[in-house]
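What follows is a set of notes on a single structure, which appears directly below.
In what follows, every heavy atom counts, from backbone to side chain, and hydrogens, waters and symmetry copies are set aside.
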Amino acid sequence: MKKSILAILVGLSMLLGACTSQSDKMLDAGDTVLTYTGFPQDDTLVKEAMRASLKERGWTITGETPFTAKIDNRGQHAKLSIAISNGVVNLDTKGSTLDSGKAYVPINYSDLLMKSAYKRLGGTFSRAK
């Protein structure tokens with residue numbers, strides 16, 4: 001039992017480390033934008049799916065023009081500026097921080113949010129970068 005719990009903890013640590021590493025690489029390159037493709041061409045339909053998914057996932061919508069949202073959870077303060085155009089959604093995560101004040105790209109939160117939006121629209125998850 002102890003070995004299986006230890007194995008799970010090691011796996012979770014590696015997953016978190018991989019995401020943090022990817023976030024650090026993006027920040028080092030000056031990149032804070034995550035791009036998702038494969039959405040319908042109807043921007044209004046996609047925005048409504050995004051709005052419902054944000055609420056479902058516990059995000060607070062903070063603005064409409066530009067379309068922005070935030071979530072504060074477990075020491076992470078994620079912020080999104082959402083641009084939707086012709087089946088592509090860009091999430092600019094600039095301003096997202098950890099409790100320590102360190103900037104980061106909230107890849108996991110963004111991916112989970114987008115999976116919810118894809119599901120609402122009957123699509124398949126696809127992050128371009």
Side-chain angles (χ1 to χ4, degrees):
M1 177 73 174
K2 288 182 182 179
K3 287 183 181 180
S4 60
I5 291 173
L6 180 60
I8 290 170
L9 291 174
V10 168
L12 288 173
S13 296
M14 289 173 62
L15 179 61
L16 181 59
C19 292
T20 301
S21 175
Q22 187 176 3
S23 172
D24 289 341
K25 286 178 186 175
M26 288 181 70
L27 288 172
D28 289 346
D31 189 9
T32 59
V33 178
L34 297 167
T35 300
Y36 300 85
T37 59
F39 282 99
Q41 298 294 310
D42 183 341
D43 293 349
T44 303
L45 180 68
V46 175
K47 187 171 184 177
E48 289 308 311
M50 287 296 302
R51 185 183 320 284
S53 297
L54 286 161
K55 289 179 183 176
E56 172 190 348
R57 294 273 178 186
W59 289 75
T60 301
I61 296 172
T62 56
E64 289 297 327
T65 308
F67 188 29
T68 57
K70 69 175 185 169
I71 190 169
D72 296 306
N73 190 27
R74 298 181 183 184
Q76 301 177 56
H77 311 285
K79 296 180 180 180
L80 301 177
S81 180
I82 305 162
I84 302 166
S85 181
N86 299 318
V88 176
V89 176
N90 288 304
L91 304 180
D92 190 343
T93 65
K94 187 175 182 178
S96 297
T97 60
L98 301 173
D99 270 349
S100 65
K102 181 181 186 285
Y104 87 116
V105 177
I107 296 169
N108 284 340
Y109 281 159
S110 299
D111 283 354
L112 291 171
L113 172 65
M114 298 311 293
K115 285 178 183 180
S116 292
Y118 279 110
K119 185 176 178 181
R120 287 182 183 286
L121 295 168
T124 304
F125 178 77
S126 175
R127 178 163 31 98
K129 68 172 192 112

Quiz item: Which residues satisfy the side-chain hydrogen bond (donor to acceptor under 3.5 Å, both in side chains) test with Thr97, sequence neighbours excluded?
Solution: none
Quiz prompt | For Val88, side chain to side chain contact (heavy atoms under 4.5 Å, CB included) partners two or more places apart | solution = Thr35, Thr37, Asn90
Practice problem: Compare every heavy atom of Arg57 with every heavy atom of Ile71, then report the nearest pair and how far apart it is. | Solution: CD1-O, 3.6 Å
Self-check item: Shortest non-hydrogen separation from Pro40 to Leu121 and the atoms involved
Solution: CD-CD1, 3.9 Å
Practice problem: Name all residues meeting the side-chain hydrogen bond (donor to acceptor under 3.5 Å, both in side chains) criterion together with Asp99; count only those two or more places apart in sequence or in a different chain, and write none if there are none. | Solution: His77
Practice problem: Please report the C-alpha distance between Val46 and Tyr36 in whole Å, then the side-chain angles of each, then the deciding distance to 0.1 Å, and finally whether the side chain to side chain contact (heavy atoms under 4.5 Å, CB included) criterion is met. | Solution: CA-CA 12 Å; Val46 175; Tyr36 300 85; over 6 Å; no
Practice problem: Output the distance between atom CE (Met114) and atom CG (Leu34), rounded to the nearest 0.5 Å. | Solution: 9.5 Å
Quiz prompt | Those residues that, when tested against Thr32, pass side chain to side chain contact (heavy atoms under 4.5 Å, CB included) (two or more places apart) | solution = Leu27, Asp92, Thr93, Lys94
Self-check item: With Thr68 via side-chain hydrogen bond (donor to acceptor under 3.5 Å, both in side chains) - residues at least two apart
Solution: Thr62
Practice problem: Please identify each residue that fulfils side-chain hydrogen bond (donor to acceptor under 3.5 Å, both in side chains) with Ser110, with sequence neighbours left out. | Solution: none
Quiz item: Mind checking what makes side chain to side chain contact (heavy atoms under 4.5 Å, CB included) contact with Ser100, not counting sequence neighbours?
Solution: Leu98, Lys102
Practice problem: Measure the CG-CG distance between Asn108 and Leu113 for me, rounded to the nearest 0.5 Å. | Solution: 12.5 Å
Self-check item: Heavy-atom pair with the smallest gap, counting every atom of Ile61 and Lys55
Solution: CD1-CE, 4.3 Å
Quiz prompt | Pairing residues for Asp42 by the side chain to side chain contact (heavy atoms under 4.5 Å, CB included) criterion, not counting sequence neighbours | solution = Thr44, Leu45
Quiz item: Looking at residues at least two apart in the chain, or sitting in another chain, which of them share a ring pair (Phe, Tyr, Trp, His ring centres under 6.0 Å) with Tyr109?
Solution: none
Quiz item: Can you check whether Val105's main-chain N or O pairs, donor with acceptor, with Ser23's side chain at less than 3.5 Å?
Solution: yes
Self-check item: Pairs satisfying salt bridge (charged side-chain N to carboxylate O under 4.0 Å, His left out), at least one member in residues 106-126, at least two apart
Solution: Glu56-Arg120, Asp111-Arg127
Quiz item: Taking atom CZ of Phe67 and atom CG of Asp43, what is their separation to the nearest 0.5 Å?
Solution: 12.0 Å
Practice problem: Nearest 0.5 Å please: distance from the CH2 atom of Trp59 over to the CG atom of Leu80. | Solution: 3.5 Å
Quiz item: Which pairs count as salt bridge (charged side-chain N to carboxylate O under 4.0 Å, His left out) when at least one residue sits in residues 60-80, sequence neighbours excluded?
Solution: Lys47-Glu64, Arg51-Glu64
